[in-house]
Amino acid sequence: MRKGLRWFLVILVVLIGAAGVWGWRMWSRVFAPVTAVEEPRYLLVPTGADFAQVLDSISMNGLLRDVDAFRWTAERKNYPARIRPGRYRIEPGASANALVDRLRSGEQDPVRLTLNNIKWKHELASKVAAKLECDSARLMGLLQDGAVAASYGFRSETFIAMFIPDTYEFWWNTGPEEFLDRMAGEYKRFWTTDRQARASALGLSQNEVTTLASIVQAETGKASDAPLIAGVYLNRLRIGMPLQADPTLKFALGADSISRVLNRDKLVDSPYNTYRNLGLPPGPINMPETRFLNAVLNPAKHDFLYFCARSDLSGHSDFARTYEQHMVNARRYQRALNERGIFR
């Protein structure tokens, strides 16, 4: 073989080998596993974030073992110009290419938000902001705005009735206005034709059902007692008797933690004082769960006008038709509290 041809073949082999090595390195950079997580983690990309912020978040959270490979792949796939906010699942063993494709497509994982045990609007705003990008101050401002409440068909005092306790899925980057729109839709879905008809048959509006359900929820945690207590309050409303609901006094006083309501508490000047004011208070005193809403819509039919907590402190209630029998039950309960040193 001629010497020139031999050198040509040597150089060709070297070039092919170098190309192969370069190709392998490029393939590895794009398609080899690049994540540094042993179990799924999440990357939060805020609204308005740029590529530098995404890289900072990735680095600070230690999500990748080769950030340069991610940057190189992202730049060649034009991700810096197509950043989409959201909550993105980072899988163990994912490649730079797979991660860039997910981020660029906006293929985010939803957040599960549970609304329960909420009494005040600021609690709602705080709970939402803890799970979503939604700004708590902005959401709180909307919740307190009477014009916003009116746009959804509520008053400021009844606005919390729009939020039906449940577990919902949201995109992490949901804003305050989007959150309210979504919850308005959930409210409409809850109030089916059947539920509306049941409320009408009781002579109550939807907001009044929620208000009464909030009182029933504050009175008992026992599902079996809820329809009975709802029946007591409906009987009182029917004959024009004050509700005399202790939870409304606690709401008016801002003292939900007290165990005993005293006679002086009944003098508080508030529209939520159902000892001094006839009918329902201006709005819900908490965000009642669906089981209590349904208890009001499906009350037990009876002629009880009174109830009080049972003296065994089981959480159940004793019911009475007459005031005299009620006082027997009430004194028994008061003795039980005294014996346990519970005076407030």
Side-chain angles (χ1 to χ4, degrees), residues 115-121 124 143-144 146 148-166 180 183-221 223 225-252 256 268 270-307 317:
L115 300 181
N116 63 356
N117 299 321
I118 294 173
K119 184 173 183 179
W120 307 100
K121 291 177 182 177
L124 173 60
L143 291 172
Q144 291 180 314
V148 173
S151 72
Y152 289 102
F154 297 87
R155 292 179 290 105
S156 181
E157 297 88 346
T158 61
F159 200 8
I160 203 167
M162 190 178 81
F163 305 92
I164 306 295
D166 206 340
L180 292 181
M183 296 313 298
E186 297 293 343
Y187 176 83
K188 290 177 181 176
R189 274 186 281 277
F190 175 82
W191 279 102
T192 60
T193 301
D194 177 65
R195 286 192 171 109
Q196 291 180 48
R198 289 179 182 275
S200 180
L202 294 170
L204 301 177
S205 68
Q206 292 173 195
N207 284 338
E208 288 172 332
V209 168
T210 303
T211 298
L212 183 52
S214 73
I215 297 172
V216 175
Q217 175 169 296
E219 290 281 16
T220 184
D225 282 6
L228 290 163
I229 293 174
V232 168
Y233 284 131
L234 287 168
N235 287 344
R236 290 187 175 190
L237 288 172
R238 197 172 297 117
I239 65 174
M241 178 180 176
L243 294 184
Q244 298 180 332
D246 288 355
T248 65
L249 287 183
K250 295 179 182 180
F251 183 84
D256 191 52
V268 62
S270 168
Y272 288 89
N273 183 345
T274 54
Y275 279 84
R276 298 182 65 177
N277 302 293
L278 286 175
L280 291 162
I285 60 172
N286 56 51
M287 187 188 295
E289 299 172 12
T290 55
R291 58 179 173 154
F292 295 102
L293 291 165
N294 288 330
V296 172
L297 292 171
N298 301 276
K301 290 181 170 53
H302 55 64
D303 56 358
F304 296 129
L305 286 175
Y306 304 93
F307 70 95
S317 297

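Only heavy atoms go into these numbers, but all of them, side chains included; no hydrogens, no water, no symmetry mates. Since this is a predicted model, take the numbers as computed values, not measurements. We number each residue from 1, following the sequence as shown.
With hydrogens and angles disregarded, no donor-acceptor distance shorter than 3.5 Å links the side chain of Thr158 to the backbone of Ala161. Looking at Gln196, its side chain does come within 3.5 Å of a backbone N or O of Trp191 through a donor-acceptor pair. Side-chain atoms of Asp225 come within 3.5 Å of backbone atoms of Ser317 as a donor-acceptor pair (strictly under, hydrogens ignored). With Asn277 contributing its side chain and Ser270 its backbone, the two residues share a donor-acceptor pair below 3.5 Å. A distance-only check finds a donor-acceptor pair linking the side chain of Arg195 to the backbone of Phe190 [under 3.5 Å]. For Arg236 (side chain) and Leu243 (main-chain N/O), a donor-acceptor pair under 3.5 Å exists by modelled atom type. Between the side chain of Asn298 and the main chain of Pro227, no donor-acceptor pair closer than 3.5 Å is present. In this structure a side-chain-to-backbone donor-acceptor pair under 3.5 Å is missing from Arg291 to Ala226. A donor-acceptor pair is defined here as one N or O able to donate and one able to accept, closer than 3.5 Å; no such pair exists between the side chain of Glu186 and the backbone of Ile164. Although no hydrogens or angles enter the test, the distance criterion places no donor-acceptor pair under 3.5 Å between the side chain of Thr220 and the main chain of Val216.
Results of the side chain to side chain contact (heavy atoms under 4.5 Å, CB included) test with Pro288 over Ile215, Thr210, Thr211 single out Thr210 as the only residue that passes.
Using a 4.5 Å cut-off on side-chain heavy atoms (C-beta onward), Met241 and Asn235 make no contact. Contact annotation: the side chain of Leu115 approaches that of Met183 to within less than 4.5 Å [non-hydrogen atoms, C-beta and beyond]. With a 4.5 Å cut-off on side-chain heavy atoms, Phe292 and Asn286 do not count as touching. Between Ser156 and Lys121, some side-chain heavy-atom pair lies under the 4.5 Å cut-off. Side-chain atoms of Ser214 and Ile160, non-hydrogen and from C-beta on, never get closer than 4.5 Å to each other. You'll find the side chain of Asn273 reaches within 4.5 Å of the side chain of Leu249, heavy atoms only.
Between Pro242 and Tyr275 the shortest heavy-atom distance is CB-O, 4.3 Å. Shown here for Pro281 and Thr248, the closest heavy-atom pair between the two residues is CG-CG2, 4.3 Å. The two atoms that bring Ile285 and Ala218 nearest to each other are CD1-CB, 4.0 Å, heavy atoms only. When every heavy atom of Met287 is checked against every heavy atom of Pro165, the shortest pair comes out as O-CG, 3.4 Å.
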### Message
Determine whether His302 and Val232 satisfy the following criterion, side-chain contact (heavy atoms from CB on, under 4.5 Å), listing intermediate values before the conclusion.
### Response
CA-CA 8 Å; His302 55 64; Val232 168; 3.7 Å; yes

### Message
Using side-chain contact (heavy atoms from CB on, under 4.5 Å), reason through Leu234 and Leu212 one step at a time and then give a plain yes or no.
### Response
CA-CA 9 Å; Leu234 287 168; Leu212 183 52; 3.8 Å; yes

### Message
Please determine whether side-chain contact (heavy atoms from CB on, under 4.5 Å) holds for the pair Leu204 and Leu297, giving the CA-CA distance in whole Å, both sets of side-chain angles, and the decisive distance to 0.1 Å.
### Response
CA-CA 10 Å; Leu204 301 177; Leu297 292 171; over 6 Å; no

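Rounding to the nearest 0.5 angstrom, the gap separating the CG atom in Asp246 from the CD atom in Gln244 is 9.0 Å. Here CG of Leu280 is found 9.0 Å from OG1 of Thr274. Values are rounded to the nearest 0.5 Å. Summarising the geometry, atom CD belonging to Glu219 is positioned 13.0 Å from atom CG belonging to Leu228; distances are rounded to the nearest 0.5 Å. Of the inter-residue distances, the one linking Phe159 atom CZ with Asn207 atom CG reads 11.0 Å to the nearest 0.5 angstrom.
Judged as a ring-ring contact (aromatic ring centres under 6.0 Å, His included), the pairs with a partner in residues 225-245 (not counting sequence neighbours) are, in order, Tyr233-Phe307.
Evaluation of the side-chain contact (heavy atoms from CB on, under 4.5 Å) rule for Ala184 yields Tyr152, Met162 as partners, not counting sequence neighbours.
Between Phe154 and Tyr187, the ring-plane angle classifies as perpendicular under the 30° and 60° cut-offs.
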